Amino acid sequence: MTVQIQFPDGASRSFDEPATGLQIAESISNSLRKKSVAIRVNSELWDLTREIDADSSVELITRNTEEGLEVIRHDAAHVLAEAVKELFPETQVTIGPAVENGFYYDFARDEPFTQEDFALIESRMKDIIQRNEEIVREVWQRNEAIKYFKSIGEDYKAEIIADLPEDEIISVYRQGEFVDLCRGPHLPSTAALGHAFKLTKLAGAYWRGDANNAQLQRIYGTAWANDQQLKQYLKQLEEAEKRDHRLLAKQLGLFHMQEEAPGMVFWHPKGWSIYQSIKQYMRQAQEAHGYQEINTPQLVDLSLWEKSGHADKFGEDMFSLQVDERNYAIKPMNCPCHVQVFNQGLKSYRELPLRLAEFGSCHRNEMSGALHGLMRLRGFVQDDAHIFCTEKQVQTEVADFITFLHDVYKDFGFDEVLYKLSTRPEKRVGSDEDWDRAEATLAQALDDQGLDWDLQPGEGAFYGPKIEFSLRDCIGRVWQCGTMQVDFSMPARLGAEYVGEDGNKHVPVMLHRAILGSLERFIGILIEQHAGALPFWLAPVQVVITTIVSDADDYAAMVFDKLTAAGIRVELDTRNEKISYKVREHSLQKIPVIAAVGMREAQEGTLAIRRFGSKNQSAMGVDELLALLIQESQPGYVDDSLNEQTAGDTK
RNA sequence: GCCCGCAUAGCUCAGUAGGUAGAGCAACUGAUUUGUAAUCAGUAGGUCGUUGGUUCGAUUCCGACUGCGGGCUCCA
């Protein structure tokens, strides 16, 4: 018997008898065998040790590739489980997949694991790798597998097998004493895993992700193809930590939070300056796009939320209170209030589309464990707006919105946007026909703009499907910010109507939309994106004028007045300190421009300008600087003067 | 909400095998007038998150509460 093996590059090779991935790799080169971790056989991933006994097209998966890393990480999870079983035999293993950057394994054990156990577990994992246990795939009968796992006290495993589809092949992997149900593929032996892994976190996780189930203990780890990659990843984590907006906000004095108001923000002058800059920018942009700004009550009788359906779906998460025997709720959303504004007076089709915008202050009683700095709050403000229009107008409105959103993101320095379409959830209002139309409309709008988008079935809002717009920051993280939701239900529920061309009353379509999402959260994202050094137009303090000797105080004050009068946010630092001390302090505060003045500058009418991030200075006249700064105050201005400076500046 | 961890001066942190705490920075006072990432000296600053318990005695040990941090999304 011969087996014909076809490679991705079109070459082929025949073997006289069934061959394993290892043999195939070896037949090409020894180094390829060493690098390989699995083999794709007719689009299915196999172990390297599994025999290929029919003509096949194959592709060797090496450890440096995404798929190769997945195999390594999955193996790391198994080695982790084996180590835990050896050290804590009373533990039950459940599931342990590879995830982004690493892996985890969920364990059931009465006694909690602690971080101190990590060293012990890691060293046992290294032992297991040292032992170089062969990893062997076996195919079992379903009933036998269930019986086996039950007999060794692994009830969770037995449950998983029992729930597998009838036709699923039950494969188990044996390494040393440890046997685990697994689809594979796996490395040929534990030594192939290498040492580039580290246990990182301990967490609770529900069995099958359901909060009604038992809580398991999850151990997270990271694993890589080699030590260098691991080191790089750990360094990257450190970098991300330095950008943490909570840390930076404290250092830069932007805001604080305290026990008495969990999940809510006390904005300090500098943080509020950023907030106002963003709000003013959005206000102007929305006006230019045909929106009218409104404002609606914070406290609204519960009956409105009952009519809108929010009380039914989110009642538990709303802050509500009883006053004079009436039940009120603090608004968790703005939409029902916007419908009330729409409902005032009889509307004509001529008035549509009507775009009502509000910087809507909302409060939601988020789970305490979900709160996270500015990223997840209980009190926040949305750049919210609702567009009331006819069904015919939806397409154009959605398209215009997407263009608008792109412009805004660009001004904030985000060029990469990701798109997701979320469709009808199980718990919803509205007819299936409405949902069909709404979903199709959104999909069409995305396609019309030639955008790549992902489908998220079942993730829509309860009243309609939505497009979610996410942006990617400079270190690769993705943040969902914008949203566009079609709503065929709420206007009818709340009695919104307009008189159409035909003289009859019609229910308008309502589009819910936001670009930044929550202003607070968006500021958090901006802080992390820029590591606290916000672009000039957003910086709370744009320029610090600092004196070198007190004889220059008067001149410094004159410059300060001039810049302030021109609308630049300036601080004057005439403290009796050395210039290096002041420069250090303002640099740590990430002030975009430090203008130092001594007697020389006072006499010449100049400033010694030092830009954030640069060690160099350049002399500049006051008017010259002012012209430059006014230009940089434009939203979206990209500061490339730094590059020019490093290239051509002399001290 | 649930699991694990954490809570000491304005900030970052040390400490007490149970005997009411200490450093650096910041603040304040004084000296210094300084040329681009920390000038020197002094002073002041804490109910050791809240609350119960154990104890002669608790910031320290135990419990509860509150808040914060990580996770609970990636499905053998």
Side-chain angles (χ1 to χ4, degrees), chain A residues 70 73-74 77-78 81 93-106 109 112-117 145 149 154 156-161 163-164 168-173 180-184 186 200-220 241 244 246-247 250-251 253 256-263 316-317 365-373 456 459 546-553 574-589 594-601 608-610 612 614-617 651:
Chain A
E70 240 183 272
R73 287 167 183 162
H74 195 174
H78 274 232
V93 296
T94 68
I95 60 166
V99 293
E100 198 183 347
N101 298 324
F103 60 94
Y104 68 78
Y105 211 112
D106 285 348
R109 179 178 178 238
F113 290 112
T114 67
Q115 294 273 346
E116 284 79 64
D117 294 329
F149 283 108
E154 298 283 6
Y156 287 97
K157 281 284 170 203
E159 189 181 325
I160 293 167
I161 299 167
D163 288 348
L164 285 175
E168 184 93 9
I169 291 168
I170 312 284
S171 59
V172 303
Y173 281 80
D180 199 0
L181 169 77
C182 186
R183 192 186 289 137
H186 277 285
T200 52
K201 283 178 288 201
L202 196 55
Y206 299 109
W207 168 235
R208 299 197 150 162
D210 187 337
N212 298 315
N213 290 342
Q215 183 136 21
L216 309 169
Q217 297 187 64
R218 175 172 298 180
I219 296 178
Y220 276 99
E241 247 169 69
D244 191 317
R246 295 163 302 187
L247 203 75
K250 201 178 263 180
Q251 286 164 5
H256 86 273
M257 300 201 243
Q258 64 187 49
E259 270 194 43
E260 288 80 356
E316 298 270 294
D317 308 320
N365 191 13
E366 301 285 356
M367 289 194 296
S368 62
L371 302 178
H372 180 97
Q456 296 194 124
E459 298 288 314
T546 180
T547 50
I548 295 164
V549 290
S550 52
D551 284 345
D553 284 2
T574 54
R575 289 176 304 169
N576 174 13
E577 294 289 351
K578 287 176 74 173
I579 187 63
S580 49
Y581 176 87
K582 298 200 215 177
V583 164
R584 176 183 148 82
E585 232 180 35
H586 301 309
S587 297
L588 288 173
Q589 287 295 304
I594 299 174
V597 296
M599 285 322 287
R600 195 158 68 220
E601 286 73 21
I609 300 300
R610 179 177 168 135
F612 177 76
S614 169
K615 280 194 163 50
N616 300 326
Q617 310 139 44
K651 209 174 164 188

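As the structure is a computational prediction, the values presented were derived from the model and not from experiment.
- Between K578(A) and A37(B), a side-chain N or O to OP1/OP2 separation shorter than 4.0 Å is absent.
- Within the 4.0 angstrom heavy-atom criterion, no nucleotide atom of any strand lies near Q258(A).
- Across all strands shown, L216(A) has no heavy atoms under 4.0 Å from either base or sugar-phosphate atoms.
- Across the C1' atoms, G24(B) and U60(B) are found 24 Å apart, a figure rounded to whole Å.
- In this pair, H78(A) and Y105(A) present their aromatic rings perpendicular. The plane angle is above 60°, beyond the 30 to 60° band.
- Nucleic acid contact class of E601(A) (heavy atoms, under 4.0 Å, all strands): base.
- Here the separation of G49(B) from A21(B), taken at their P atoms, is 14 Å to the nearest Å.
- Here A596(A) lies in heavy-atom contact (under 4.0 Å) with a base.
- Here the nucleotide nearest the side chain of Y206(A), chosen from G35(B), C72(B), C75(B), is C72(B).
- For the C1' atoms, the distance from A38(B) to U12(B) is 16 Å, rounded to whole Å.
- Taking the P atom of each, C25(B) and C72(B) are spaced 41 Å apart, rounded to whole Å.
- Between the CG atom of L247(A) and the P atom of G70(B) there is a distance of 12 Å, rounded to whole Å.
- Salt bridge annotation for D244(A)-R246(A): present, with a cationic side-chain nitrogen under 4.0 angstrom from a carboxylate oxygen.
- Regarding contacts with the backbone of G1(B), a side-chain N or O of S368(A) is found under 4.0 angstrom from either OP1 or OP2.
- Residue I219(A) is classed as having no contact, given no heavy-atom separation below 4.0 Å to the nucleic acid.
- Contact annotation for R600(A): base contact, defined as any heavy-atom pair under 4.0 Å involving a base atom.
- A side-chain donor-acceptor contact under 3.5 Å links Q217(A) to the backbone of R109(A).
- A straight line from CZ of R575(A) to P of U33(B) spans 18 Å, rounded to a whole angstrom.
- The separation of C65(B) from A23(B), taken at their C1' atoms, amounts to 32 Å, rounded to a whole angstrom.
- The phosphate of U33(B) (OP1 or OP2) has no side-chain N or O of Y581(A) nearer than 4.0 angstrom.
- If you check every strand for non-hydrogen atoms under 4.0 Å, E585(A) touches nothing.
- Residue order along RNA chain B, read from the 5' end via each residue's closest nucleotide, puts E259(A) first among Y105(A) and E259(A).
- In this structure, I548(A) reaches the bases: a heavy-atom distance under 4.0 Å links it to at least one base atom across the strands shown.
- Between C72(B) and Y220(A), a contact under 4.0 Å exists linking OP1 or OP2 to a side-chain N or O.
- In this structure, N616(A) atom CG and G35(B) atom P are separated by 19 Å, rounded to whole Å.
- Nearest nucleotide to the side chain of L588(A), out of C72(B), A37(B), C68(B): A37(B).
- Using the Watson-Crick or G-U wobble rule with both distances under 3.5 Å, C48(B) pairs with nothing in any strand shown.
- Side-chain nitrogen and oxygen atoms of K201(A) include none within less than 4.0 Å of the OP1 or OP2 phosphate oxygen of G70(B).
- Nucleotide C75(B) holds its C1' atom 11 Å from the NZ atom of K157(A), rounded to whole Å.
- In this structure the side chain of E154(A) reaches within 4.5 angstrom of the side chain of V93(A), judged on heavy atoms.
- Distance from the side chain of R610(A) is smallest to U36(B) among G1(B), U36(B), A26(B).
- E260(A) CD: more than 12 foreign heavy atoms inside a 6.0 Å radius.
- Residue Q258(A) places its CD atom among more than 12 non-hydrogen atoms of other residues, nucleotides or ligands, all under 6.0 Å distant.
- For R246(A), taking side-chain heavy atoms from C-beta onward, the closest of the listed nucleotides G70(B), U33(B), U36(B) is G70(B).
- The side chain of R218(A) places no N or O atom within less than 4.0 Å of a non-bridging phosphate oxygen (OP1 or OP2) of U73(B).
- Smallest separation of non-hydrogen atoms from G96(A) and A77(A): O-CB, 3.4 Å.
- Nucleic acid contact for M257(A): none, since no nucleic acid atom lies under 4.0 Å from a heavy atom of the residue.
- The distance from atom CD of E577(A) to atom P of A31(B) is 14 Å, rounded to the nearest whole Å.
- Remark: C1' of C13(B) and NZ of K250(A) are 12 Å apart, rounded to the nearest angstrom.
- For G70(B), one of the phosphate oxygens OP1 or OP2 lies less than 4.0 angstrom from a side-chain nitrogen or oxygen of H372(A).
- If you check every strand for non-hydrogen atoms under 4.0 Å, T94(A) touches sugar and phosphate atoms only.
- Using atom P as the reference point in both A7(B) and A41(B), the two lie 33 Å apart (nearest Å).
- Using a 4.5 Å heavy-atom cutoff, the side chains of T546(A) and R610(A) are not in contact.
- Rounded to a whole angstrom, the distance from the C1' atom of C74(B) to that of G15(B) is 43 Å.
- At the heavy-atom level, A205(A) lies under 4.0 Å from the strands shown only through sugar-phosphate atoms.
- Applying the Watson-Crick and G-U wobble criteria (two distances, each under 3.5 Å), A38(B) pairs with nothing in any strand.
- Note on G373(A): only backbone sugar-phosphate atoms sit closer than 4.0 angstrom, heavy atoms only; bases stay farther off.
- Remark: U59(B) base-pairs with no nucleotide in the shown strands. Criterion, Watson-Crick or G-U wobble with two distances under 3.5 Å.
- U73(B) atom C1' lies 9 Å from atom CD of E459(A), rounded to whole Å.
- Between T114(A) and V583(A), the residue whose closest nucleotide on RNA chain B is further toward the 5' end is T114(A).
- For Q251(A) and G10(B), the CD to P distance is 18 Å, given to the nearest whole Å.
- For the pair Y104(A)/I95(A), a side-chain contact is recorded, criterion being any heavy-atom separation below 4.5 Å from C-beta on.
- Among A37(B), U33(B), C68(B), the nucleotide with an atom closest to any side-chain atom of P262(A) is C68(B).
- One P atom belongs to C6(B), the other to U43(B), and the distance between them is 37 Å to the nearest Å.
- A donor-acceptor pair is defined here as one N or O able to donate and one able to accept, closer than 3.5 Å; no such pair exists between the side chain of T547(A) and the backbone of D553(A).
- Nucleotide U12(B) has A23(B) as its partner under the Watson-Crick or G-U criteria, with both atom distances under 3.5 Å.
- S580(A) comes within 4.0 angstrom of the backbone, heavy atoms only, and of no base.
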